[in-house]
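First the structure, in the form of structure tokens, and then the observations on it.
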Amino acid sequence: MTYNIKNKVIVITGGAVGIGYEIADKFLDKGAKVAVILDINETQGAEAVETLTVKHGPRKAIFMKCNVTTDLEEVSTTIFDTFKYVDILVNNAGILDDTSARKTIEINVTAVIEWSLKFWEHMRKDKGGKGGTIINLASIYGYRVDQFLPVYQASKFAVMGFTRSLGHKYNFERTGVKVVAICPGFTETKLTSHPKTHKDEQMQIDFFVFLKGQAWQKADPVGNASVEIFEKESGSAWLIEGGKPIKEVK
Ligand SMILES: *[C@@H]1O[C@H](CO)[C@@H](O)[C@H](O)[C@H]1NC(C)=O
Ligand SMILES: *[C@@H]1O[C@H](CO)[C@@H](O)[C@H](O)[C@H]1NC(C)=O
Ligand SMILES: *[C@@H]1O[C@H](CO)[C@@H](O)[C@H](O)[C@H]1NC(C)=O
Ligand SMILES: CC(=O)N[C@H]1CO[C@H](CO)[C@@H](O)[C@@H]1O
């Protein structure tokens, strides 16, 4: 089955910069009707809309200020009122700060689950929707284990389990809502320029050395990969590392 992006309304959390921005750009390239960019930073949101408008034309990108941990009800209501129907949700907002476990879990797990369920209900065919797609940003940390970021690791395992279960064939066949995960390897964004591990000095040094040895990529190929993954089977997860072609994570 070919999934058509043309005329689809896409909502992207954390969409103003980095991977989220690239995803908005690539879906607009493929003919999406509008990209609704949610982000906490209004300056970056306005900049993203300005750049995307120059590239794709007026009213293709819209910014709404949003804190994913607190604003789900208010922002989703505004989105549904304004656009009537949302076809694609990308849960991308996240932090990388292993010194604040509660915050990481709140943003990277709880918010992903709550946003997914809200839009899943909106899209499900068996409850009056037209079906749709939810793309969750997991990470290489969703399946490969290292010793440096245990909290982040836990949050990504959670996103993978949630995605595979909600996206299970059983649920997809009933609802027509596809749920897939994208697992980027190390990607150059603002988030990764200052990763925080524990205050343990030796670990900081070892982590720095470890980071230097990874296959880094820019955010751009992750945007491309998300367009490809849009067509994949519900419940599946895909690795994009070092800018190489995507690979299924079993
Ligand atoms: C928002 O982004 C701008 C531009 O990158 C930055 O200068 C500013 O500090 C950010 N604001 C907050 C509250 O993080
Ligand atoms: C988002 O909301 C939470 C909960 O109220 C708060 O702790 C956090 O600081 C907010 N984030 C920003 C960037 O304002
Ligand atoms: C992304 O895809 C576009 C075509 O859709 C292509 O021109 C570009 O080279 C790709 N970029 C990467 C980094 O793969
Ligand atoms: C699903 C989700 O919100 N994932 C984010 C968690 O945080 C990382 C940053 O460390 C983001 O890259 C993910 O998109």
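Atoms within each ligand, like the ligands themselves, are counted from 1 in listed order. The chain is numbered in sequence order, starting from 1.
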Looking at ligand 1, does any of its N/O atoms fall within less than 3.5 Å of an N/O of N41? yes
Sub-3.5 Å N/O-N/O distance, T43 and ligand 1: no
Would you say the side-chain atoms of K125 pair up with the backbone N or O of K130, donor to acceptor, closer than 3.5 Å? no
Look at K26 together with E22 and state whether they make a salt bridge at an N to O cut-off of under 4.0 Å. yes
Using a strict cut-off of less than 4.0 Å between a Lys/Arg side-chain nitrogen and an Asp/Glu carboxylate oxygen, indicate whether K169 and E173 qualify as a salt bridge. yes
Could you check which of I107, D71, V68, I40 puts a non-hydrogen atom nearest to atom 12 (C) of ligand 2? I40
Given F83 and V11, is the side chain to side chain contact (heavy atoms under 4.5 Å, CB included) satisfied, shown in steps? CA-CA 11 Å; F83 300 100; V11 172; over 6 Å; no
Tell me: protein heavy atom nearest atom 5 (O) of ligand 2, and distance? T70 CG2, 3.4 Å
Residue, atom name and distance, where the atom is the protein heavy atom closest to atom 11 (N) of ligand 2: N67 ND2, 3.0 Å
Are the ring centres of F80 and F119 closer than 6.0 Å? yes
Please say whether T69 places an N or O atom under 3.5 Å from an N or O atom belonging to ligand 2. yes
Verify the contact flag for atom 7 (O) of ligand 2, where contact means a protein heavy atom under 4.0 Å away. no
Return the set of residues passing side chain to side chain contact (heavy atoms under 4.5 Å, CB included) with Y170 (not counting sequence neighbours), or none when no residue passes. H168, R174
